[in-house]
Structures are given as structure tokens and as C-alpha cells.
Asks: 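Shown below is the structure under consideration.
Numbers restart at 1 for each chain; the letters A, B, ... are given by sequence-line order, proteins then strands.
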There are 2 protein chains.
Amino acid sequence: MPKVSDAHRESRRDQITDAALRSFAAKGFQRTSMADIIAESGLSAGAIYGHFESKQQIAMAVAQRVLGNRLGELHEHMGAGRVPDPDQVVAIITEGMRRDLIDTSLLVQLWGESVHDEQIRSLVGRVFAEVTANLTPYLAAWARQNRGLQPAEAETWAETALPVILAFAQGYIVQSALLPGFDREKYLAAIRAVL
Amino acid sequence: MPKVSDAHRESRRDQITDAALRSFAAKGFQRTSMADIIAESGLSAGAIYGHFESKQQIAMAVAQRVLGNRLGELHEHMGAGRVPDPDQVVAIITEGMRRDLIDTSLLVQLWGESVHDEQIRSLVGRVFAEVTANLTPYLAAWARQNRGLQPAEAETWAETALPVILAFAQGYIVQSALLPGFDREKYLAAIRAVL
DNA sequence: GTCTATAGCCGGATAGAC
DNA sequence: GTCTATCCGGCTATAGAC
């Protein structure tokens, strides 16, 4: 395959994924028809099926992008060797979601889908595993540094604390997606008060 | 209408709602067809449409039951005048879900649906409002009793604490529905450690 | 009230021309 | 690679006999 063709393929896939993401955000995964995606993308049925095998594959590409955005930001902030306080971690995780308001409602939908869609479930599972793999060592480092725990104790503490941090992120996602008057600052302040 | 007929109507509606709940739990709301509900109930299409106007109405009846179960238990435990510690509240809320394992995944699905389904969203919204109306006074009472706050301060404290308690419940729902090795005891212990 | 049978529609995916 | 036109399957809801 020639170089140009590869680049073109990628950009067409992006064009389709963009349109699908907008459509899913507007109508939901299942309620969105191929006709919707076709109209939103400005392409035709034939063009789209030349790049994706099925609607399911398009949904997977969208899910990968939404989840990948969140993972990317986590890596970015956790990889730098800095060890912020746990309430700051929640603020960091949710900061990206605030920018893309769209994402929290898509994430809630993804969870709902993943209950009965094999492919999405395994994708969501992998992301949970990766988040765990990232946060646990960070939490252990924080416990050593700020609580003076021994490495083994710190590890145990981190494993205990992890579900709580996850719950704060998940609570943010649910509440911001579903509660009409949700206030991000109040939510973060409440977490700060508890931790 | 004669008495017998009313009782019969109710029990038929329950029979249909039961079958629908099982079907939704097994396949998801959207993936479940009327044919599934018909087969699961042992009735016929005609019989079902004699009791419900549409599939949507059946979904609403199921949603009402799932959410109502949780609300009922909350009322039961909060109304008795006792003031358990906040971590016990989370244990109480999640206890009912543990019994019906089915419920957590149905709740996650309900959230997903409610993003784009008007009727379900308004139902979920009403339940959130009712939970808030129940928990806020309880939290204020707890703060007066166990932290010696004045009524006004206690009220403010309760409004701050509420989203955190909600997050713990929501985290439980998400994690128990989606994480393969989820351990209820560990989760509750982690919350106890934080509070 | 409940059954069987089916109308009528809409969705995903494909065929074939260009 | 992309378009238009269309097939085919499955879905919800109804009609009509009992």
C-alpha cells in the first residue's frame, strides 16, 4: 500500500468515528442507526462499510477513543513522578471530562452496554485493569511519602484505598451525567473534606 | 369492575413484569424483544398488549420496581429514628442489592438508558430527589448527634457530605456490576477506613 | 381476555455501476 | 473507494377468531 493511501484511510476512519461519536452522544448507542451515522458523516453507506465491517466495529472504535482519552490523561499526570494528594488525583481524572462534557454521558452508556456486550465489556475491563495498574503504585508511593508507611504496608493500604478513589471518579461520572444541577467544585470540595 | 378482575389484572401485570425483568437482566433493555418477553412469560402477544400499551411501558414498570425496591429499603431503615454511622448507611443501601444480584447490572443499564430516554430519565431523577430528601435530614441528625454541630452547621455539613455518600453507593453499583472479582466486604471496609 | 397470524416498518448490510 | 438502490430479516403492534 502506498503512503498516501494509509494516511487517507486513517483520516477517513477518523471522520467516520467523529460522526459516530456525535451521533451516539446525541441519541445513544442503540438508538443511533447507520442512516444517522451516514448523514452525520456526509459519506455514503458503501464508503463507510469500506472502512468498518459493521456498526459494532464503529461502536468499538468510539468506545476506544472515549476510554483512551481518559487513560491518556491519567498516564500523562501519573507518569511524571510527582505524587499529588489523592483528592488531586480525582480532580485530575475529572478535569478532562469537564472539558468534554459529552464524555460522562457516553461513559455511563458504555457501562450500560458493557453489561451485555462481550466486546465492550472486555474493553471496559482492560481499561479498569490499566487504571488499577496505574493508581495502585501511585497510592503506595503517596502512603510511603506522606504517611511514613513501610513498602509492604503501603502496598496493602493502596489496595484498600483504590476502590474508594474509583468510587469518587465513578460517582463524578454518574452525578455529572444524570443530576441536573451538578456542581463540580462542590463535589471536589466534599471529597477534599472527607480525605 | 368486579373485585376478582382487579386482583387478576394486578397479578397478570406482575407476571408480565417478572418475565420482563428476567429478560432485561439476561439480554439488556434494548436487545430484549417482545418475543423474548412473550416466551419468558408463557403468555401471548395479545394477552400482554391487553395489559400494557407498549414495550416502553413494560420497561417503565420494571424500572419502577427495581428503583422502588431500593427506595423502600432506604425508607425502612432511615424512618425508624435510629441514626447509624454513614458507613453503615452505605452497607444498608448495598445490602438489598447483594440479595438481588440482578439489580446492580440493571441499575447500571437504567442509568445508561436514562441518558436518552425521557421517561426513564424523569423516573431516575425523581428517585435521586427522593434519596436526597431522605439522606440529607438523616446526615444532619447524625452530625448534630455525633459531632455536636448546631442545626444550621449540621445542615450545611449534610449537603456537603451527601454527594460523597451517593458516590460510595454509585461506586458499589458500578464496581459490583463490572469488576469480575469484586469483593463487597473489602469495599465496605475501605469506606469504613476513610470515614 | 387470550390466542394465532400477520401487517407494516425500519434497520443493517450488500450488489453493482462508476 | 465511493455512490445509489435495494434486499432481507426482525421488530412492534394489531386484527380477528374464539
Asks: In what stems does DNA chain D take part, counting only runs of at least 3 consecutive Watson-Crick or G-U pairs whose two distances fall under 3.5 Å?
Replies: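 DNA chain D stems, ordered by first number: C:1-18 with D:1-18.
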Asks: Could you give all pairs that pass the salt bridge (Lys or Arg N to Asp or Glu O under 4.0 Å) test and reach residues 168-195 of chain A, with sequence neighbours left out?
Replies: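 Residue pairs with at least one partner in residues 168-195 of chain A: A:Asp87-A:Arg192, A:Glu95-A:Arg184.
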Asks: Among residues at least two apart in sequence or on other chains, which ones pass side-chain hydrogen bond (donor to acceptor under 3.5 Å, both in side chains) with B:Glu10?
Replies: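 Partners of B:Glu10 by the side-chain hydrogen bond (donor to acceptor under 3.5 Å, both in side chains) criterion come out as none, since no residue qualifies.
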Asks: Quick one: list whatever passes salt bridge (Lys or Arg N to Asp or Glu O under 4.0 Å) with A:Asp85, sequence neighbours left out.
Replies: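 None.
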Asks: Identify the 5'-most and 3'-most nucleotides of DNA chain D with at least one atom closer than 4.0 Å to a non-hydrogen atom of chain B.
Replies: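 Nucleotide range in contact with chain B: D:dC11 to D:dT14.
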Asks: Do any side-chain atoms of residues 110-126 of chain A form donor-acceptor pairs under 3.5 angstrom with protein atoms, and if so which ones, sequence neighbours left out?
Replies:
unit_1	atom_1	unit_2	atom_2	d
A:Glu113	OE1	A:Gln30	NE2	3.2
A:Glu113	OE1	B:Arg31	NH1	3.4
A:Glu113	OE2	A:Gln30	NE2	3.2
A:Ser114	OG	A:Trp111	O	2.8
A:His116	ND1	B:Gly28	N	3.4
A:His116	NE2	B:Ala25	O	2.6
A:His116	NE2	B:Ala26	O	3.3
A:Asp117	OD1	A:Gln56	NE2	3.3
A:Asp117	OD1	A:Gln119	N	3.0
A:Asp117	OD1	A:Ile120	N	3.0
A:Asp117	OD2	A:Gln56	NE2	3.2
A:Asp117	OD2	B:Arg31	NH2	3.3
A:Glu118	OE2	A:Arg121	NH2	3.2
A:Arg121	NH1	A:Ser114	O	3.4
A:Arg121	NH1	A:Val115	O	3.1
A:Ser122	OG	A:Gln119	O	3.4
A:Ser122	OG	A:Arg126	NH1	3.2

Asks: Can you tabulate the close N/O pairs, meaning under 3.5 Å, that link protein atoms to atoms of nucleotides 10-13 of chain C?
Replies:
unit_1	atom_1	unit_2	atom_2	d
C:dG12	OP1	A:Lys55	NZ	3.0
C:dG12	OP2	A:Met34	N	2.5
C:dA13	OP2	A:Tyr49	OH	2.9
C:dA13	OP2	A:Lys55	N	2.9

Asks: Among residues two or more places apart or on two chains, list those pairs meeting ring pair (Phe, Tyr, Trp, His ring centres under 6.0 Å) that have a residue in residues 173-195 of chain A.
Replies: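 Sorted result for residues 173-195 of chain A: A:Tyr172-A:Phe182, A:Tyr172-A:Tyr187, A:Phe182-A:Tyr187.
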Asks: Can you list every salt bridge (Lys or Arg N to Asp or Glu O under 4.0 Å) pair that touches residues 34-43 of chain B, not counting sequence neighbours?
Replies: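 For residues 34-43 of chain B, and leaving out neighbouring residues, the salt bridge (Lys or Arg N to Asp or Glu O under 4.0 Å) pairs sorted by first residue read B:Arg22-B:Glu40, B:Lys27-B:Asp36.
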Asks: For B:Asp14, which residues count as a side-chain hydrogen bond (donor to acceptor under 3.5 Å, both in side chains) partner, sequence neighbours excluded?
Replies: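 Once residues adjacent in sequence are excluded, B:Asp14 has no partner under the side-chain hydrogen bond (donor to acceptor under 3.5 Å, both in side chains) criterion.
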Asks: May I ask you to decide if A:Ile38's main-chain N or O and A:Ser41's side chain share a donor-acceptor pair within less than 3.5 Å?
Replies: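 Side chain of A:Ser41 to backbone of A:Ile38: a pair is present.
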Asks: Using salt bridge (Lys or Arg N to Asp or Glu O under 4.0 Å) as the criterion, list what pairs up with B:Arg99, not counting sequence neighbours.
Replies: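 For B:Arg99, the residues satisfying salt bridge (Lys or Arg N to Asp or Glu O under 4.0 Å) (neighbours in sequence not counted) are B:Glu73.
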Asks: Report, one line per pair, each donor and acceptor closer than 3.5 Å where one atom sits in a side chain of residues 148-160 of chain B; sequence neighbours left out.
Replies:
unit_1	atom_1	unit_2	atom_2	d
B:Glu153	OE1	B:Gln150	N	2.9
B:Thr156	OG1	B:Ala152	O	3.1
B:Thr160	OG1	B:Thr156	O	3.1

Asks: Under 4.0 Å between any heavy atoms, over every strand shown, what does A:Gly46 touch: base, sugar-phosphate, or nothing? Just pick one.
Replies: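 Answer is base: heavy atoms of A:Gly46 come under 4.0 Å of a base.
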